[in-house]
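Just so you know, these numbers come straight off a predicted model, no measurement behind them. Order of the sequence lines fixes the chain letters, A, B, ..., with proteins taken first and strands second; residue numbering starts at 1 for each chain.
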Protein chains: 4
Amino acid sequence: MNKKEAILSSALTLLTETGVHNTPMSAIAKAAGTGMGTIYNYFPHKDILINEIYVSIKEKEKSIFLAFDASKPVKTQFENYFTAIITFFVENPIYFKFMEQLQASPIITEESRNKGEESVVSVVKLLANGQKERIIKDIELDEILVFIGGAIMSYLRWHFNQTETKSSSLQNQINMTWDAIKE
Amino acid sequence: MNKKEAILSSALTLLTETGVHNTPMSAIAKAAGTGMGTIYNYFPHKDILINEIYVSIKEKEKSIFLAFDASKPVKTQFENYFTAIITFFVENPIYFKFMEQLQASPIITEESRNKGEESVVSVVKLLANGQKERIIKDIELDEILVFIGGAIMSYLRWHFNQTETKSSSLQNQINMTWDAIKE
Amino acid sequence: MNKKEAILSSALTLLTETGVHNTPMSAIAKAAGTGMGTIYNYFPHKDILINEIYVSIKEKEKSIFLAFDASKPVKTQFENYFTAIITFFVENPIYFKFMEQLQASPIITEESRNKGEESVVSVVKLLANGQKERIIKDIELDEILVFIGGAIMSYLRWHFNQTETKSSSLQNQINMTWDAIKE
Amino acid sequence: MNKKEAILSSALTLLTETGVHNTPMSAIAKAAGTGMGTIYNYFPHKDILINEIYVSIKEKEKSIFLAFDASKPVKTQFENYFTAIITFFVENPIYFKFMEQLQASPIITEESRNKGEESVVSVVKLLANGQKERIIKDIELDEILVFIGGAIMSYLRWHFNQTETKSSSLQNQINMTWDAIKE
DNA sequence: AATGAATGAGACTTCATTCAT
DNA sequence: GATGAATGAAGTCTCATTCAT
């Protein structure tokens with residue numbers, strides 16, 4: 001079995017369950033079925049372990065957006081994108097919990113954040129396209145991106161707080177977000 | 001001199017500057033010009049201190065929304081609200097930094113969160129009104145609220161990351177958010 | 001009301017209930033209905049307060065033995081003594097709990113112990129008498145005294161551990177102790 | 001080298017020398033030649049460390065009584081027992097000091113006490129035998145046991161207070177105790 | 001005399017990290 | 001490479017004592 005994977009996986013579970021500062025490295029080692037020294041063979045220290053988890057989730061996020069169908073209308077592509085990312089996190093609540101807790105944390109380095117931004121490259125292209133076609137509002141892309149990001153995270157936060165989610169809610173969210181950014 | 005205020009104030013500064021987990025109680029005591037024991041006279045735990053700061057910011061937030069002018073159009077009221085809350089945090093960056101770091105943290109108790117939600121009561125009323133007049137989309141209030149909250153927080157995050165903010169950006173954000181929620 | 005008495009009384013209760021090291025001075029002050037400073041007016045520090053309680057109990061103990069009837073047989077006087085002291089502690093369990101916990105503690109000073117020993121003066125006389133009459137074993141008085149003391153304390157310990165005490169047990173204890181020391 | 005043993009041993013010395021509440025864990029660590037963390041690897045709390053010492057002494061006590069010679073008269077066996085336990089503590093004054101200080105302390109848990117009581121099983125048997133043969137008074141065994149325990153502890157307390165012990169004193173004590181319990 | 005907020009030394013305890021095996 | 005016992009710096013929190021009111 002791949003020790004490194006086991007460590008990353010156990011760490012993710014524990015960090016989100018108990019919080020970063022209630023998760024000793026010893027607990028991660030135990031859960032991963034390794035010795036504590038082994039963790040330090042792969043990750044020079046705790047922060048690096050956490051950053052690697054962060055980057056790995058961003059990487060998985062990215063892989064979802066690889067296949068936009070450029071022949072489809074911008075709105076369709078956007079809906080697909082929005083649905084895909086929401087679905088990704090809904091199906092992996094643990095990724096969301098991790099991101100929510102660590103997004104704003106000083107533990108995540110500038111470098112990790114930069115790597116993370118690669119995951120939105122294709123979305124940027126889509127929006128730029130939309131602007132060229134005068135479908136998307138003529139606002140700085142950064143600002144729009146951040147707006148969409150906010151819509152995604154807050155929806156997910158709301159989603160995981162509900163005991164029973166209406167199927168219509170995602171469509172509502174897509175509508176709101178699209179209305180927000182469309183010309 | 002009010003020791004409790006001094007402690008809350010120093011704690012707020014340090015917690016946001018150095019991060020929750022790099023701020024020992026001893027540092028807070030020193031900055032507040034008190035002994036460590038004094039802090040524990042007022043706040044039985046570090047967590048309680050943090051929660052009190054959280055609630056106190058929410059309280060200040062609330063005081064801003066007291067005076068909506070119900071005679072004005074819903075859109076005007078909404079714009080005023082949005083501008084007011086953004087202005088509040090832009091003028092108090094430290095409050096934003098604190099909220100950003102702790103919003104999703106397990107340190108903040110259910111009780112504190114509930115108290116915090118009182119601050120949006122008037123906004124809920126405004127939105128409900130807007131729905132009755134068919135100006136606001138007919139979507140569950142909770143979902144709209146969360147959407148607006150996401151727009152606010154992500155805008156602020158973006159704002160504080162810029163080196164130079166264009167004056168138009170706030171208006172852009174208001175437009176996007178209004179377009180998102182209007183019928 | 002006598003503040004000093006209130007402090008001594010509250011301290012006794014709390015010290016026995018929660019243990020010496022789980023009883024802060026602040027708790028004693030609160031229970032006594034005084035400020036913490038007031039305690040320090042009467043007792044320069046915590047240890048002195050505890051020692052005063054020790055001595056005061058010993059004093060009460062002593063007052064019980066004042067009235068031996070020297071005209072009665074030694075055995076009768078001894079039985080009376082033994083019954084009296086046991087009764088004293090059985091009726092004041094809190095005194096016993098205090099003594100049990102602090103008897104061997106380094107907190108109790110040599111001086112307090114010496115004062116405490118005054119309470120056995122009359123017993124010493126009784127035993128000396130008994131030896132002269134060849135009723136009591138010819139063993140150093142100290143050793144006999146300590147033996148009797150052990151019998152008393154261990155009986156009390158046993159007594160307070162029982163849920164239901166047989167009325168015969170005290171008589172048994174008297175018999176054993178008398179048989180032990182009689183010629 | 002066995003760290004755990006070193007810790008237990010250093011702790012025993014310091015606890016009895018300086019008293020439970022004047023012995024910080026750091027001092028124990030230092031004396032044991034370990035880091036403080038090492039102590040907590042073996043003993044989750046200070047209290048647990050103390051309880052383990054308690055139990056370990058009781059265990060040693062027990063091992064002394066394993067070899068009663070049932071063919072000898074009850075009185076002989078009793079004298080042997082009494083002499084053995086006194087000798088045990090006289091030769092290990094530190095064990096006595098520890099027991100004296102902690103016997104009645106709320107630090108010692110019910111569980112530890114129960115374990116400790118195993119050490120008297122063989123004495124109980126001896127006494128029961130004695131009662132069957134009508135050599136020992138027909139009093140509840142518990143009460144007799146507690147009486148003997150008191151005789152032992154008080155004798156030892158006296159013993160360690162003397163500057164010079166007469167060799168006859170132990171015999172006196174045995175006589176007193178035997179006279180007390182014999183029919 | 002009475003008060004109790006303030007103090008800070010020092011207690012207990014945790015846990016990231018090392019290193020000998 | 002894998003291990004986990006050992007480490008000790010650093011954290012949170014307690015509480016005896018003081019002193020200005």
Side-chain angles (χ1 to χ4, degrees), chain A residues 1 3-4 6-7 20-30 32-50, chain B residues 1-4 6-7 20-30 32-49, chain C residues 2-4 6-7 20-30 32-50, chain D residues 1-4 6-7 20-30 32-49:
Chain A
M1 205 248 290
K3 292 261 174 199
K4 190 175 180 184
I7 291 164
V20 174
H21 301 279
N22 287 309
T23 304
M25 293 297 260
S26 58
I28 296 174
K30 201 172 178 183
T34 75
M36 263 163 43
T38 307
I39 296 186
Y40 283 86
N41 282 343
Y42 294 108
F43 310 96
H45 50 256
K46 196 184 185 184
D47 285 5
I48 291 190
L49 169 58
I50 294 173
Chain B
M1 205 249 288
N2 190 335
K3 292 267 173 194
K4 193 176 178 183
I7 292 164
V20 174
H21 302 284
N22 288 309
T23 304
M25 292 299 259
S26 57
I28 296 174
K30 203 172 181 181
T34 73
M36 291 206 320
T38 306
I39 297 186
Y40 284 88
N41 279 346
Y42 292 108
F43 311 98
H45 301 299
K46 194 184 187 185
D47 285 7
I48 289 189
L49 170 58
Chain C
N2 190 336
K3 293 261 172 199
K4 191 174 179 184
I7 292 165
V20 174
H21 301 281
N22 287 308
T23 304
M25 293 297 261
S26 57
I28 296 174
K30 200 171 177 184
T34 75
M36 264 163 44
T38 307
I39 297 185
Y40 283 86
N41 282 342
Y42 294 108
F43 310 97
H45 51 257
K46 196 183 184 184
D47 284 4
I48 290 190
L49 169 57
I50 294 173
Chain D
M1 201 246 290
N2 190 334
K3 291 268 172 191
K4 192 175 178 183
I7 292 164
V20 174
H21 302 282
N22 289 309
T23 305
M25 292 298 259
S26 57
I28 296 174
K30 203 172 181 181
T34 74
M36 293 206 317
T38 306
I39 296 186
Y40 284 88
N41 280 345
Y42 293 108
F43 311 98
H45 301 297
K46 193 183 188 184
D47 284 6
I48 289 188
L49 169 59

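One can place CD1 of Ile7(A) at 12 Å from C1' of dG1(F), the figure rounded to the nearest angstrom. In this entry the distance linking CG of Asn41(B) with C1' of dA16(F) reads 13 Å, nearest Å. Asn22(D) has its CG atom 13 Å from the C1' atom of dA16(F), to the nearest Å. When the P atom of dA11(E) is taken as reference, atom CG of Leu49(D) falls 16 Å away, rounded to whole Å. Across the protein-nucleic acid pair, Ile28(D) atom CD1 and dC12(E) atom C1' stand 11 Å apart, rounded to whole Å. We find that NZ of Lys30(A) is positioned 15 Å from C1' of dC15(E), with the value rounded to whole Å.
In this structure, Ile48(A) and His45(A) have side chains that are in contact, with non-hydrogen atoms separated by less than 4.5 Å. Put simply, the side chain of Met25(B) reaches to within 4.5 Å of the side chain of Leu49(B), judged on heavy atoms.
Note that NZ of Lys4(B) and OG1 of Thr38(B) are 13.5 Å apart. Values are rounded to the nearest 0.5 Å.
Minimum heavy-atom separation, Lys3(B) to Gly33(B): NZ-O, 3.5 Å. Here the closest heavy-atom approach between residue Tyr42(A) and residue Pro44(A) is recorded as O-CD, 3.8 Å. The two residues Ala32(A) and Ile7(A) make their nearest non-hydrogen contact at CB-CA, 3.8 Å. Pairing each heavy atom of Thr23(C) with each of Lys46(C), the nearest pair is O-NZ, 2.9 Å.
Each of Thr34(B) and Ile39(C) was assigned the nucleotide of DNA chain E with the nearest heavy atom; the assignment lying further toward the 5' end belongs to Ile39(C).
The side chain of Thr38(B) contributes an N or O atom lying less than 4.0 Å from OP1 or OP2 of dT7(E). Between Tyr42(D) and the phosphate of dA6(F), there is a side-chain N or O to OP1/OP2 separation shorter than 4.0 Å. Look at Lys4(A) and you won't find any side-chain N or O under 4.0 angstrom from OP1 or OP2 of dA2(F).
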Report summary line: Contact string for nucleotides 16-21 of chain E, one letter per nucleotide 5' to 3', B = base within protein heavy-atom range under 4.0 Å, S = sugar-phosphate only, - = neither, reads SBB---
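Within 4.0 Å of Phe43(C), counting heavy atoms only, lies no atom of the nucleic acid at all.
With both pairing distances under 3.5 Å, dA11(E) is matched to dT12(F) as a Watson-Crick or G-U wobble pair. Across all strands shown, dA2(E) is found opposite dT21(F) as a Watson-Crick or G-U wobble partner, with both distances under 3.5 Å.
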